[in-house]
Number of protein chains: 2
Amino acid sequence: MLTDHHREARRTAIVRLLRHAPVRRQQELVRLLKREGHAVTQSSISRDLRELGVLKHSEGYVLPDNAEIAARTQDNFVTVAQFVREVRTAGTSITVVKTTIGSAGSVAAAIDKAGWQDVVGTVSGDDTIFIATADARAQSRVLDQLRESFGV
Amino acid sequence: MLTDHHREARRTAIVRLLRHAPVRRQQELVRLLKREGHAVTQSSISRDLRELGVLKHSEGYVLPDNAEIAARTQDNFVTVAQFVREVRTAGTSITVVKTTIGSAGSVAAAIDKAGWQDVVGTVSGDDTIFIATADARAQSRVLDQLRESFGV
DNA sequence: ACGGGTTGTGCATTTTTATGCACCATTCGC
DNA sequence: GCGAATGGTGCATAAAAATGCACAACCCGT
């Protein structure tokens with residue numbers, strides 16, 4: 001049995017995949033998830049979709065609105081991940097996250113709420129977030145977590 | 001092979017049934033439709049739902065929004081039927097339709113658009129429509145058509 | 001009147017989705 | 001440390017939905 005974390009990470013990936021392109025069959029979703037490192041069968045996917053409140057249209061699966069998604073996952077990032085455009089390092093202590101215009105505040109709030117130990121602090125403008133870390137090693141761990149959370 | 005009219009009448013009934021209560025299986029819809037006089041099998045229902053753009057949620061079928069429904073049926077009444085509360089005769093030449101507040105105009109427009117020969121004219125207030133007919137026989141035919149169109 | 005084309009439908013089957021059951025890992029209480 | 005409870009998962013299968021095919025009815029052009 002895997003951990004809750006694996007399940008939540010998979011469900012976050014499902015949401016992202018469904019936003020990205022139409023998926024018409026659960027087996028197709030199994031294949032796409034496998035490509036991302038999530039080994040899972042159709043029966044678990046069926047349960048995930050039901051618990052996420054996803055709808056089935058003849059042309060593909062449709063996500064419920066963001067409020068419902070947020071309520072049904074334990075992932076702070078699932079509803080803001082879509083606004084993240086780019087994650088890059090600047091030197092050894094600053095990590096920069098670019099978002100869509102106007103969304104930096106929401107994304108920064110989600111990062112703060114995650115309470116990552118390695119984050120010394122964050123500051124956000126309109127479409128840019130600076131994340132400060134103590135050193136390059138901490139920066140590297142934060143980068144990994146950002147990439148996992150936002151799927152970039 | 002039945003006529004287009006039968007198909008459209010059945011699809012209007014499907015929309016009304018799905019608004020009324022949750023339906024989780026196509027076979028259940030077959031049964032509900034049969035109760036209303038529509039003899040049809042699961043395979044035709046599957047096609048109807050696809051062509052109406054209906055979505056499947058784990059707790060039941062979900063209608064797309066009204067604009068999409070209107071575009072996918074040939075029925076003027078399908079989107080306004082839900083606002084009709086009561087249909088009664090007043091004497092032998094007037095039929096009164098009660099609607100939700102503010103909706104009488106939309107419902108009256110749909111009746112006008114239907115172009116029923118027996119309708120001499122209509123007048124609508126905020127939540128009430130008067131439909132004039134030449135005589136009791138014409139009134140009876142209009143009543144039948146109203147009941148069929150609005151499912152009351 | 002006839003033939004061809006189109007469309008709706010049901011039957012039977014295929015495909016897809018949901019679920020019962022068993023197993024395993026983790027957590028918690030004693 | 002151990003046993004019980006809980007929860008996630010896959011396997012196999014049941015249930016549900018989608019679809020290929022054949023047929024029939026209607027419409028239209030000749």
Side-chain angles (χ1 to χ4, degrees), chain A residues 1-15 17-18 21-64 68-69 71-75 78 148, chain B residues 1-15 17-18 21-64 68-69 71-75 78 148:
Chain A
M1 198 269 281
L2 298 178
T3 64
D4 283 356
H5 177 67
H6 287 90
R7 193 191 70 169
E8 288 307 318
R10 184 178 70 237
R11 290 184 177 189
T12 296
I14 288 172
V15 168
L17 286 165
L18 294 183
V23 173
R24 299 185 66 164
R25 307 283 180 276
Q26 293 179 2
Q27 192 55 42
E28 186 182 343
L29 207 43
V30 169
R31 190 175 54 77
L32 291 169
L33 286 165
K34 188 169 191 179
R35 184 182 296 174
E36 292 192 12
H38 299 284
V40 71
T41 65
Q42 176 269 321
S43 50
S44 294
I45 293 305
S46 182
R47 294 180 180 112
D48 284 343
L49 295 175
R50 183 185 68 208
E51 287 168 27
L52 285 167
V54 170
L55 299 98
K56 177 70 187 293
H57 186 272
S58 60
E59 317 222 345
Y61 286 96
V62 175
L63 290 161
E68 185 164 358
I69 295 174
R72 288 164 174 273
T73 68
Q74 305 303 319
D75 188 337
V78 71
E148 182 184 345
Chain B
M1 198 268 280
L2 297 177
T3 64
D4 283 356
H5 177 69
H6 287 90
R7 192 191 71 170
E8 288 307 318
R10 183 178 71 238
R11 290 184 178 188
T12 297
I14 289 172
V15 169
L17 286 166
L18 292 183
V23 173
R24 299 183 67 160
R25 307 283 180 273
Q26 293 179 2
Q27 192 55 42
E28 186 182 343
L29 207 44
V30 169
R31 190 176 53 77
L32 291 169
L33 286 164
K34 188 169 191 179
R35 183 182 297 174
E36 292 192 12
H38 299 283
V40 71
T41 66
Q42 176 268 322
S43 51
S44 294
I45 293 304
S46 182
R47 295 180 180 111
D48 284 342
L49 295 176
R50 183 186 67 207
E51 287 167 30
L52 284 168
V54 170
L55 298 98
K56 176 70 188 290
H57 187 272
S58 60
E59 317 222 348
Y61 287 95
V62 176
L63 290 161
E68 186 164 357
I69 294 173
R72 289 166 176 269
T73 67
Q74 306 303 319
D75 188 336
V78 72
E148 182 185 346

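Sequence lines set the chain letters: A, B, ... in the order given, protein chains first and strands last, and positions in each chain run from 1.
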Of all heavy-atom pairs between B/Gln26 and B/Ser46, which one has the smallest distance, and what is that distance?
OE1-CB, 3.5 Å
At less than 4.0 Å, is any side-chain N or O atom of A/Thr41 found next to OP1 or OP2 of D/dG10? Yes or no.
yes
Can you tell me how far C1' of D/dA14 sits from CD of B/Gln27, to the nearest Å?
16 Å
Within less than 4.0 Å of OP1 or OP2 of D/dT19, is there a side-chain N or O belonging to B/Arg50?
yes
Identify which nucleotide among D/dT9, C/dG10, C/dA18 has an atom closest to any side-chain atom of A/Arg7, counting heavy atoms from C-beta outward.
D/dT9
Just how far, in rounded Å, is C1' of C/dT7 from CD of B/Glu8?
13 Å
Considering non-hydrogen atoms only, spot the tightest contact between A/Leu52 and A/Ile14 and give its length.
CD1-CG2, 4.1 Å
Which whole-number value in Å describes the distance from B/Asp48 CG to D/dA17 C1'?
14 Å
Under 4.0 Å between a side-chain N/O of B/Ser46 and OP1 or OP2 of D/dA18, yes or no?
yes
Can you tell me if A/Gln27 and A/Gln42 form a side-chain donor-acceptor pair at under 3.5 Å?
no
Salt bridge present between B/Glu36 and B/Arg10 (N-O < 4.0 angstrom)
no
As an exercise, state the distance from CG of B/Leu32 to CD1 of B/Ile45, rounded to the nearest 0.5 Å.
10.0 Å
Just the rounded figure in Å: distance from P of C/dT17 to CG of A/Leu49.
9 Å
Rounded distance [0.5 Å steps], OG1 in B/Thr12 versus CD in B/Glu8
6.5 Å
Using a strict heavy-atom distance below 4.0 Å, which residues from residues 54-61 of chain A are in contact with DNA chain D?
none
Ignoring backbone atoms, test whether A/Arg10 places a side-chain nitrogen or oxygen under 4.0 Å from the OP1 or OP2 oxygen of D/dT9.
yes
Have a look at the helix from C/dA1-D/dT30 to C/dC30-D/dG1 and give the angle its two end axes make, five pairs each, rounded to 10 degrees.
30°
Return the value, rounded to whole Å, for the distance between atom CD of B/Gln42 and atom C1' of C/dT14.
12 Å
Could you please spell out the steps behind the side chain to side chain contact (heavy atoms under 4.5 Å, CB included) verdict for B/Arg47 and B/Ser43?
CA-CA 6 Å; B/Arg47 295 180 180 111; B/Ser43 51; 4.0 Å; yes
Whole angstrom value for the distance that separates P of D/dT19 from CZ of A/Arg25
7 Å
Rounded off to whole Å, could you give me the CD-to-P distance for the A/Gln26 and D/dA15 pair?
18 Å
Trace of the side chain to side chain contact (heavy atoms under 4.5 Å, CB included) decision for A/Leu18 with A/Leu49
CA-CA 11 Å; A/Leu18 294 183; A/Leu49 295 175; 4.2 Å; yes
To the nearest 0.5 Å, what is the distance between CG on A/Leu55 and OH on A/Tyr61?
11.0 Å
Can you say whether a donor on the side chain of A/Arg47 sits under 3.5 Å from an acceptor on the base of C/dG20, or the other way round?
yes
Result for side-chain hydrogen bond (donor to acceptor under 3.5 Å, both in side chains) between B/Arg11 and one of B/Glu51, B/His38, B/His6 points to B/Glu51
Hey, is the side chain of B/Ser44 poking within less than 4.0 Å of OP1 or OP2 on C/dG8, counting only N and O atoms?
no
Calculate the interatomic distance between A/Leu33 atom CG and D/dG10 atom C1'; express it in whole Å.
16 Å
By nearest-nucleotide position on DNA chain D, the 5'-leaning member of A/Ile45 and A/Arg24 is A/Ile45
